[in-house]
Protein chains: 2
Amino acid sequence: MAANSRLTIATHALAWLALAQRRGQEVLTSEQVAASVNTNAVIIRRSLGDLRRAGLVRVRHGAGAGWSLAREPGDITMLEVYDAVDAQPPFGLHRTEPNPECPVGRGIRPALDGVYGRVEQVMRRELADTSIADVLREALVNQPTVRQSGDRRGACGSRDCSNS
Amino acid sequence: MAANSRLTIATHALAWLALAQRRGQEVLTSEQVAASVNTNAVIIRRSLGDLRRAGLVRVRHGAGAGWSLAREPGDITMLEVYDAVDAQPPFGLHRTEPNPECPVGRGIRPALDGVYGRVEQVMRRELADTSIADVLREALVNQPTVRQSGDRRGACGSRDCSNS
DNA sequence: CTTGCTGCAACAGCTTCTGTTACATCCATC
DNA sequence: GATGGATGTAACAGAAGCTGTTGCAGCAAG
């Protein structure tokens, strides 16, 4: 899978932050978020760093540090996340310039720019219609396995992702 | 640019085939198409091979071989080309499975599947609204440089891409 | 000052795409 | 049937991007 999972990682982190916040957990460390995403903490810091620069999350340094949402989950759209993580556009133009002495070679790039631009527009419109709160709600109603006996609220197994 | 240029290459090839056909040139060799796209002929054969399997172009073997459109340019949509070249979807899910003992980790994938699916749908709808004929028309009205003095109809400079 | 976490650079490994070469295959033409 | 030109495809190298990892400097609450 060469596809970009950056939008997925960032959205997962934001949804987890939103749920933690709702549960009264003010901040989460990058290690706790990484435990939920099941990846390395540095990956999470890179992703949350993008979101911080976009003003979607806040970070607290020093002891007892961690991350928290900068705005309400219902107010953060997937489009903002998409722009924040700077994912590559779905289609790329020619890697090398087409033959400029060819009628098609001369005009194909502006023509495709138009098509790709329209595609990107409808894509952005769709992303703008979904918020982090929407994603979290969808994720919570979609629980494939029943919670097990010893499941404490917020416990994430051997690798704790919520409780300190 | 890591982005996929396969859709771009395939569309360029089809537009060039459409223009050649309109000019009375029945077939083009992969070398002639490659001259317009400015790439290697094998790249073009790979791309046109995809389009052939999808029934969008025809190939003639043997002497005087070459490629031609299997249908009218106005009847081939960008969506068919997109499906033919099997471009990777714009977004990827987690590379490793999220923590299944986490509420968000459990439900995030179906939730994102829904969002990404809707995005893909509007993207496909937009691609279906554009035909090869549309692209060719756009390319021909978008000629950044004026044709030069010695410009023969269809000549593509040192590397001939049309006349045999 | 200590402690815990962030910020960031550097690097390895993996995957994908592009580009190139080489060679077998096919078929209209001679 | 032989020939020649073009396709079909495998194999490989190079480049780029992303993920994952380690290491270390910087910051701030207690």
Side-chain angles (χ1 to χ4, degrees), chain A residues 1-10 12-13 17 26-35 37-53 57-68 85-98 159-161 164, chain B residues 1-10 12-13 17 26-35 37-53 57-68 85-98 159-161 164:
Chain A
M1 182 203 297
N4 238 346
S5 63
R6 277 154 71 175
L7 182 60
T8 292
I9 304 298
H12 184 148
L17 283 178
E26 284 302 312
V27 301
L28 291 179
T29 68
S30 62
E31 175 56 43
Q32 288 172 317
V33 176
V37 178
N38 192 17
T39 183
N40 191 285
V42 176
I43 303 291
I44 298 301
R45 276 184 237 153
R46 283 207 271 250
S47 181
L48 287 177
D50 287 339
L51 301 178
R52 175 178 55 77
R53 277 181 281 277
V57 298
R58 265 193 294 261
V59 63
R60 225 168 55 192
H61 277 225
W67 305 82
S68 58
V85 301
D86 195 33
Q88 65 186 357
F91 309 121
L93 290 181
H94 307 68
R95 177 161 305 206
T96 63
E97 194 181 356
R159 206 173 160 205
D160 195 355
C161 67
S164 58
Chain B
M1 183 202 298
N4 237 347
S5 63
R6 276 153 71 174
L7 183 60
T8 292
I9 304 298
H12 185 147
L17 283 178
E26 285 301 311
V27 301
L28 291 180
T29 67
S30 62
E31 175 56 43
Q32 289 172 317
V33 176
V37 177
N38 194 17
T39 183
N40 192 287
V42 175
I43 302 292
I44 298 300
R45 275 183 240 154
R46 283 207 273 249
S47 180
L48 287 177
D50 287 338
L51 300 179
R52 175 178 56 76
R53 277 181 282 276
V57 299
R58 267 193 293 260
V59 63
R60 225 169 53 193
H61 277 224
W67 305 83
S68 58
V85 300
D86 194 33
Q88 64 186 358
F91 308 119
L93 290 181
H94 307 69
R95 176 162 305 205
T96 64
E97 194 182 355
R159 206 172 159 205
D160 196 354
C161 66
S164 59

Backbone of H94(B) reached by a side-chain donor or acceptor of T8(A) within 3.5 Å: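 No; zero donor-acceptor contacts below 3.5 Å.
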Whole angstroms only, please: what is the [atom1]-[atom2] distance between [X] and [N]?
{"X": "L28(B)", "N": "dT7(D)", "atom1": "CG", "atom2": "C1'", "value": "15 Å"}
{"X": "I43(A)", "N": "dG17(D)", "atom1": "CD1", "atom2": "P", "value": "16 Å"}
{"X": "N4(B)", "N": "dG17(D)", "atom1": "CG", "atom2": "P", "value": "14 Å"}
{"X": "D50(B)", "N": "dG8(D)", "atom1": "CG", "atom2": "C1'", "value": "12 Å"}
{"X": "I44(B)", "N": "dA6(D)", "atom1": "CD1", "atom2": "P", "value": "16 Å"}
{"X": "R45(B)", "N": "dT21(C)", "atom1": "CZ", "atom2": "P", "value": "12 Å"}
{"X": "Q32(A)", "N": "dC5(C)", "atom1": "CD", "atom2": "C1'", "value": "11 Å"}
{"X": "H61(B)", "N": "dT9(D)", "atom1": "NE2", "atom2": "P", "value": "9 Å"}

Sugar-phosphate, base or nothing in reach of T96(A), heavy atoms under 4.0 Å: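 Here T96(A) touches the backbone only, sparing every base.
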Partner set under side chain to side chain contact (heavy atoms under 4.5 Å, CB included) for R53(A), not counting sequence neighbours: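 Partners of R53(A) by the side chain to side chain contact (heavy atoms under 4.5 Å, CB included) criterion, ordered by chain and then number, come out as D50(A).
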Distance-only donor-acceptor check, side chains S30(A) and R45(A), under 3.5 Å: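 The answer is yes; a qualifying pair exists.
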Distance below 4.0 Å between [X] side-chain N/O and [N] OP1 or OP2:
{"X": "R60(B)", "N": "dC27(C)", "value": "no"}
{"X": "S30(A)", "N": "dT6(C)", "value": "yes"}
{"X": "S5(B)", "N": "dT18(C)", "value": "yes"}
{"X": "T29(B)", "N": "dT7(D)", "value": "no"}

Which nucleotide wins on minimum distance to the side chain of [X], given the candidates [options]?
{"X": "R95(A)", "options": "dT9(D), dT18(C), dT20(C)", "value": "dT18(C)"}
{"X": "N40(A)", "options": "dT21(D), dT21(C), dG8(D)", "value": "dT21(D)"}
{"X": "A65(A)", "options": "dC5(C), dT7(D), dG7(C)", "value": "dC5(C)"}
{"X": "V42(A)", "options": "dC17(C), dG8(D), dC8(C)", "value": "dC8(C)"}
{"X": "R53(B)", "options": "dG8(D), dT9(D), dT18(C)", "value": "dT9(D)"}

No-H, no-angle donor-acceptor pair, R46(A) side chain to dG20(D) base, under 3.5 Å: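 Yes, a donor-acceptor pair under 3.5 Å.
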Could you pull out all donor-acceptor pairs under 3.5 Å where a side-chain atom in residues 57-67 of chain B meets a protein atom, sequence neighbours excluded?
| residue | atom | partner | partner atom | Å |
| --- | --- | --- | --- | --- |
| R60(B) | NH2 | G64(B) | O | 3.1 |

H12(B) and V33(B), any side-chain heavy atoms less than 4.5 Å apart: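 No. Closest side-chain heavy atoms not under 4.5 Å.
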Residue whose nearest DNA chain D nucleotide is more 5′ - D86(A) or G62(A):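 Closer to the 5' end of DNA chain D: D86(A).
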